[in-house]
Amino acid sequence: MAIVEEVPDYIQVFSDGSVKRFGPPTVAPSLESNNGYRSKDVFIDKSKGVTARIFLPDNAMGSSDFLPVLVYFHGGGFCIGSTTWIGYHHFLGDLSVTSKCIVVSVDYRLAPENRLPIAYEDCFSSLAWLSDQVGKEPFLKQADLSRVFLSGDSAGGNITHNVALRAMEFGVKNVRIGGLMLIHPYFGTEKRTELEMSDGANIEVQMNDLFWRLSLPEGSNRDHFSCNFETAEVSAAVWNKFPPVVVYVAGLDFLKERGVLYCEFLKKRGIKVMLVEAKEESHVYHVFHPESEATRTLQCQMREFMNHNCY
């Protein structure tokens, strides 16, 4: 079998359609307390293999208080990534403690075997699952569905936006989305940004082009609405219900301009949006360095956003 597409150290796609993925070490969940939180894996849809990892902070144990819920979508260009990756596990577990919230990290189906919009469908279905499981799943018995937040990094930031659009259009029983937190969101267009055309960006651009080729519907280009948010047909009624948004960008990330453009796009539609920059950091630094000072700062910023929008 010949390799027809490849991102070295991340993914290989073979001529027969099979896929081999590479990744960092993984971590198993633990019902025992570890670093101030407990975790467990659950099925959202067993027939489709969609799972989630739930993080419950110890500081909520024994309390009668209801907690906000953060639903998180991992990154990876829609083609790689997992809730089990060590960086995601530690970042989200620590975030649950810092923010005193329940975190539901969704493992959606990956491209190219499952091209978009399947990731959107899987992640949107996690909200209905959440509504159904409150009162049934022990880790969710303190979940306050009037304070649900959506977040994700890179492709997960893209998913956050698209799941929110669906939630505003179709609604989710008993679930109120208080805000969106997009970390280094992964968007694109056929037209390049200045950073994407800059010296030294060629390797990243080629890698991202490959991920888009593998994840977009067959025959689509980067102006498909999944990639180019400006081409999506969204009614005024949906924008009128769209929740507050914070977009985190990294100063050394060549995708930074995409996050800035997304903020400007939302502002023109009357959405309350805030841009926060980590000037000396790179793309998804919180996953590669979950215990860094910059990551701790990001977790505190996310806590403040949730606290401010818990009304």
Side-chain angles (χ1 to χ4, degrees), residues 7 72-81 108 110-112 115-124 150-168 179-198 201-217 220-234 238-239 242-269 271 273-278 281-287:
V7 177
Y72 195 90
F73 312 119
H74 68 74
F78 303 103
C79 297
I80 59 173
Y108 50 90
L110 299 174
R115 290 176 175 267
L116 293 170
I118 286 177
Y120 302 153
E121 294 167 357
D122 289 349
C123 292
F124 181 59
L150 306 184
S151 182
D153 62 272
S154 197
N158 177 306
I159 293 171
T160 297
H161 169 73
N162 281 283
V163 168
L165 289 176
R166 292 176 181 227
M168 296 307 107
L180 313 180
M181 296 178 283
L182 283 69
I183 304 172
H184 315 159
Y186 182 56
F187 295 113
T189 57
E190 282 295 298
K191 182 181 178 180
R192 304 293 191 191
T193 65
E194 289 186 15
L195 282 175
E196 289 167 351
M197 293 187 292
S198 64
N202 187 54
I203 293 176
E204 287 103 335
V205 169
Q206 289 181 355
M207 180 177 68
N208 281 281
D209 283 355
L210 185 148
F211 280 136
W212 283 121
R213 280 201 308 276
L214 294 178
S215 59
L216 287 170
S220 301
N221 64 19
R222 292 189 308 276
D223 282 327
H224 186 274
F225 75 87
S226 296
C227 184
N228 183 351
F229 48 77
E230 294 195 30
T231 63
E233 295 182 3
V234 181
V238 168
W239 288 127
F242 210 73
V245 179
V246 59
V247 179
Y248 301 100
V249 297
L252 304 181
D253 182 5
F254 87 107
L255 287 175
K256 171 187 169 182
E257 283 173 310
R258 296 294 181 186
V260 174
L261 290 169
Y262 176 69
C263 286
E264 294 172 351
F265 172 80
L266 292 184
K267 286 179 181 177
K268 291 177 181 177
R269 280 144 188 83
I271 309 303
V273 59
M274 177 171 60
L275 181 72
V276 178
E277 180 177 352
E281 300 300 326
S282 301
H283 191 64
V284 297
Y285 62 86
H286 62 295
V287 180

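A quick note: this is a predicted structure, and the numbers were derived from the prediction, not measured. Sequential numbering from 1 along the given sequence is applied to the chain's residues.
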Any donor-acceptor N/O pair, Glu190 side chain to Arg222 backbone, under 3.5 Å: yes
- request: Taking all heavy atoms of Ala119 and all of Ile159, pick out the closest pair and write down the distance.
  value: CB-CD1, 4.2 Å
task: Measure across Pro185 and Gly259 and return the closest heavy-atom pair with its distance rounded to 0.1 Å.
output: CG-CA, 4.0 Å
field: Minimum heavy-atom distance between Gly76 and Phe211, given as atom pair plus value
entry: O-CE2, 4.3 Å
statement: On a heavy-atom basis, the closest approach of Ala250 and Lys256 is O-CB, 3.6 Å
task: Just do the ring-ring contact (aromatic ring centres under 6.0 Å, His included) check on His74 and Tyr108 with the steps written out, would you?
output: CA-CA 9 Å; His74 68 74; Tyr108 50 90; 4.4 Å; yes
- request: With the side chain counted from C-beta on, respond yes when Met168 and Pro243 share a heavy-atom pair under 4.5 Å apart, and no when they do not.
  value: yes
- prompt: Which distance, rounded to the nearest 0.5 Å, do you find between the CG of Leu255 and the CG of Leu261?
  reply: 11.0 Å
field: Side-chain heavy-atom pair Tyr72, Met181 within 4.5 angstrom cut-off
entry: no
- line: dist Lys191:NZ -> Asp223:CG (nearest 0.5 Å) comes out at 11.0 Å
message: If we ignore hydrogens and angles and just use 3.5 Å, is the side chain of Glu257 paired with the main-chain N or O of Leu195 as donor and acceptor?
response: yes
statement: The side chain to side chain contact (heavy atoms under 4.5 Å, CB included) partners of Ala155 (sequence neighbours excluded) come to Phe78, Tyr186
message: Using modelled atom types and a 3.5 Å cut-off, is there a donor and acceptor pairing between side-chain atoms of Ser198 and backbone atoms of Ala201?
response: no
- request: First locate atom CG of Leu275, then atom OH of Tyr248, and finally report the distance between them rounded to the nearest 0.5 Å.
  value: 10.5 Å
Shortest non-hydrogen separation from Leu216 to Asn221 and the atoms involved: CD1-O, 3.4 Å
query: Glu121: what forms a side chain to side chain contact (heavy atoms under 4.5 Å, CB included) with it, not counting sequence neighbours?
result: Pro117, Ile118, Arg166
- prompt: When the ring planes of Tyr285 and His184 are compared, do they come out parallel, tilted or perpendicular, using 30° and 60° as the limits?
  reply: tilted
query: CZ/Phe229 to CG/Leu165 distance, rounded to the nearest 0.5 angstrom?
result: 11.5 Å
field: Atom pair SG (Cys263) and CD1 (Ile271), whose distance is rounded to the nearest 0.5 Å
entry: 12.0 Å
field: Distance-only side-chain donor-acceptor flag, Tyr120 / Asn158, under 3.5 Å
entry: yes
- prompt: Given the rule in the side chain to side chain contact (heavy atoms under 4.5 Å, CB included) test, do Val284 and His286 qualify, once you have shown the distances and angles that lead to the verdict?
  reply: CA-CA 5 Å; Val284 297; His286 62 295; 3.9 Å; yes
- prompt: Quick one: are Val234 and Phe242 in side-chain contact, heavy atoms under 4.5 Å?
  reply: no
query: Between CG of Leu110 and CZ of Arg115, what distance do you get to the nearest 0.5 Å?
result: 13.0 Å
query: Quick one: salt bridge (Lys or Arg N to Asp or Glu O under 4.0 Å) partners of Arg269, sequence neighbours excluded?
result: none
message: Ignoring hydrogens, what is the shortest heavy-atom contact between Ala111 and Ser215? Give both atom names and the distance.
response: CB-CA, 3.6 Å
message: Just so I know, are the side chains of Arg258 and Val249 near enough to count as touching, which here means a heavy-atom distance under 4.5 Å?
response: no
query: Are the charged groups of Asp209 and Arg192 less than 4.0 angstrom apart, N to O?
result: yes
